[in-house]
Amino acid sequence: MAVPIALERASGPRPADNELIRHSLDDPDAFGGIFDRHAPAIHGYLARRVGHSVADDLNAETFLVAFRRRARYDLAQPDARPWLFGIATNLVHRQRRTELRHYRALARVGVDPIDDQDERVVARAAATAAHRRIAAVLARLSTGERDVLLLLAWQDLGYADIAAALDIPIGTVRSRLNSARKRLRHALIDLSENGSFHE
Amino acid sequence: MNELDELRSFRAGQTPADPIAMARARAALAAPPRRHRRGWLLAPVAAAAALALAVGLMPGRPDHPTAVPPTAAPDPSASPVTRSELVLRNAAAYVGGTPALSVRPDQFVFVESIHVNSEGPADDGGPLVTFLRRSWLSADGTRDGLVTDRRKSGGPEERVVITCPPGHPCQPVYRADLPTDTDGMLRWFKDLITQRYGSDRSTKSTPDSYAWSIAGDLLREGYLPPASAAAVFTALARVNGLTVVESVTDAAGRTGVSVGIDGKGTRSEIIFDRATYAYLGERVSGPGGRIISDTAQLRLAIVDRPGQPG
């Protein structure tokens, strides 16, 4: 799959996502360029929601699904992130119980189960009070609210991109975000007033 | 620090993804389940249905078969286009005479095949690996499908769930809505080329490799009614620049005759049974005849759920 790499090196400005995807209809190997560009962020997002080992699988699946559907990509969109995060988010839904179990465990005992395999787990063993409360809120949000909130906070996707990713109206993005932020703020309010989020 | 900032710091600083897992995920895009997509070849469809029938129609052999010695490196000048037309017409006649399978929208098209692919992410002549591949894809594209691969040399079976969630259906693999005549199929190809690649491509007089690409995607792991499958073959017979190799061996060791098209340093071929013109498999080769991928269709069946043996 040397094609996309060579292509990026050879030409000055790197091709937009839609150009790569269009190229990949003719030369499937070009899709490797989409992987190279976005897989680290997609994996990071997935790892944050469901842990590293599950993220490995879901990341691979995200790109397989994307590859398979590339002929239906809207070539008017130069940025493939909303499309890819939409696919990844749908895959996360299948792991919803795992995701929620981890949030609840973190809220309850202050140790994040998704860090189990990480050597740095010792350093991060004691979650801050704020993070425990965040985990509790995340566990209670609706799936739609959680998706919107995390895509905004973790991935810096704009409202329009989130709407595209989740295939929902932009007004729904706003209302879900308002509701989710309100609950988050409420859960953190006393910590904030103490001037510190830490116990 | 507002609540969003606090959320941003939640689980921040994740360990980067395991490079081996990433490399594996990237390679999977081009590996067995996907690699054969680079071959602009007619796939399975007819094939399996054909193979499932012990005895089918036996279209007549061409009246004047071109005498071309078996060769790994095709020589375009040695095989006149008329010969490729004959092979494709005979293939159309064969598949057109097979009984139509009955397919409900909620069912799955099951395909079993042998795949030979060069190992590794690049097509640079790595060692060849043989897989037994099984795929179950949703007839109407609305249900999750399954693809499994098992190396002939042993090791664990790889399973990939093909998700087709509501609002994001997959491509249907059973297409009862396609034309059943050559001209109609050519128009359908042309419309799709415009849609996928832009009008600049479709207005070119010979968008040949695009038509082959579409045919491959359409038929590879799907099922068309016999009349439409036949129309695909007769439409492809009008593609320019086709060449024939009279004696080839497919991935399952069967001998056949191939029709192929050259492009971008690779040659893509469909392999048919030499006697019946039933579809046998497909292969893609690079410079010097080096095999990039080689597949042999073994079975096709319509089943009720993914994982159900055909």
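To find a chain, count down the sequence lines: A is the first, B the second, and so on, and within it residues start at 1.
For the residue pair H115(B)/D149(B), the side-chain donor-acceptor check at 3.5 Å is not satisfied.
Only the side chain of D156(A) comes within contact range of chain B, judged by heavy atoms closer than 4.5 Å. Looking at L106(A), the atoms closer than 4.5 Å to chain B (heavy atoms on both sides) all sit in the side chain, from C-beta outward. Proximity to chain B is limited to the side chain of L138(A), based on heavy atoms less than 4.5 angstrom apart. Heavy atoms closer than 4.5 Å to chain B are found in both the backbone and the side chain of F63(A). Only the side chain of R69(A) has a heavy atom closer than 4.5 Å to any heavy atom of chain B.
Relative to the six-membered ring of F67(A), R70(A) meets both conditions, a distance below 6.0 Å and an angle of at most 45° to the axis.
E112(B) pairs with exactly one of R134(B), Q297(B), R133(B) by the side chain to side chain donor-acceptor pair (under 3.5 Å) rule, that one being R134(B). With respect to E99(A), the side-chain contact (heavy atoms from CB on, under 4.5 Å) criterion is satisfied by exactly one of H93(A), R94(A), R49(A): R49(A).
Sorted by first then second residue, the salt bridge (Lys or Arg N to Asp or Glu O under 4.0 Å) pairs that include residues 162-179 of chain A, not counting sequence neighbours, number zero.
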